[in-house]
Every structure is written in C-alpha cells, then in structure tokens.
Amino acid sequence: MDQPTAGFPALHFELEQPDRYLTFQGIDFEGNMRRVLAHLYRYIDDPAHGNAFWDRFKARLGAAEAGAATICDKLLLLHSHVYYMVDLFEEQEDEIALADLKRLEEECF
C-alpha cells in the first residue's frame with residue numbers, strides 16, 4: 001500500500017509471506033498445540049469422558065486441519081475452547097495437562 005487511506009499512513013514495505021503471529025516469532029505454536037491436543041484426545045476419545053460437545057469439537061478441529069475451515073484455524077479453535085479444556089483437565093486432576101494448556105495460553109493466545 002503506497003497511498004495513505006482514511007487517516008492511516010502509507011506503508012512502504014511488503015512482507016513476502018505475512019505472519020499473523022509476527023509478534024510471537026520463535027514460539028513453538030505447533031508443539032504447544034500438539035501437546036495440549038494429546039492430553040485432550042486422551043480424555044475425549046475415551047467413551048467415559050467423550051460426549052456430543054467434544055465430538056463436535058473433533059469435527060471442527062478436523063476441518064481446521066484440512067484447511068476446510070474458513071473462519072477459524074486450530075489455534076483459534078483451541079483458544080475458544082480453553083475454559084472447557086481447563087474444566088476437563090481439572091476434573092481429571094491432570095496437572096501436566098493444565099501446565100501445558102497454561103503455556104499454550106500464555107505463549108500463543
């Protein structure tokens with residue numbers, strides 16, 4: 001963009017591949033998400049803990065991973081379900097899962 005628009009200054013640079021998480025460079029988003037999802041799947045894949053809510057979550061996650069989700073990606077999906085994951089991990093008294101989730105929250109959300 002070379003021309004100022006509606007009170008915004010002109011930008012005189014272009015990013016080759018814009019990174020929407022530019023301010024979080026160097027953080028292992030994928031690793032953090034992978035750890036939290038491993039904890040989560042351990043519970044929600046178990047019929048004793050799974051339910052229609054988590055089934056819907058898994059379907060939405062599958063769509064995000066396949067690139068079929070036009071509105072959200074995996075990180076946004078996890079972010080929007082963080083309180084449910086906290087409840088689940090607290091019910092199971094899973095301190096490691098809670099610590100990994102807290103790290104994901106602090107570093108990536």
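The basis for the numbers below is simple: all heavy atoms, side chains too, and nothing from hydrogens, waters or symmetry mates. Note that the structure is predicted; figures quoted are calculated from it, not measured. Nothing fancy with the numbering, it's 1 onward along the sequence.
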Roughly how far apart are [X] [atom1] and [Y] [atom2], rounded to 0.5 Å?
X      : Y     : atom1 : atom2 : answer
Leu61  : Tyr41 : CG    : OH    : 4.0 Å
Asp55  : Asn51 : CG    : CG    : 7.0 Å
Leu101 : Leu78 : CG    : CG    : 8.5 Å
His39  : Leu88 : NE2   : CG    : 11.5 Å

Determine which pairs satisfy salt bridge (Lys or Arg N to Asp or Glu O under 4.0 Å) with at least one residue from residues 78-101, sequence neighbours left out, and list them in order. Arg42-Asp94

Which residue is it: Lys58, Met85, His49? I am looking for the one with a side chain to side chain contact (heavy atoms under 4.5 Å, CB included) to Ile44.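 For Ile44, the side chain to side chain contact (heavy atoms under 4.5 Å, CB included) check succeeds only for Lys58.
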
According to the interplanar angle, ranging from 0 to 90°, do the rings of Tyr43 and Phe89 count as parallel (below 30°), tilted (30 to 60°) or perpendicular (above 60°)? tilted

Taking the six-membered ring for Trp, are His81 and Phe53 parallel (under 30°), tilted (30 to 60°) or perpendicular (over 60°)?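 Because their plane-to-plane angle lies in the 30° to 60° range, the rings of His81 and Phe53 count as tilted.
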
Do you reckon Ile96 sits in the same ILVMFWY cluster as Leu37, going by side-chain contacts under 4.5 Å, direct or chained? no

On a heavy-atom basis, the closest approach of Ala64 and Lys74 is CB-N, 3.8 Å

Closest approach of Asn32 and Cys108, non-hydrogen atoms and distance?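 Asn32 and Cys108 have their closest heavy atoms at ND2-SG, 3.5 Å.
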
Neighbour count >12 (heavy atoms, 6.0 Å) for atom OH, Tyr84: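 No.
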
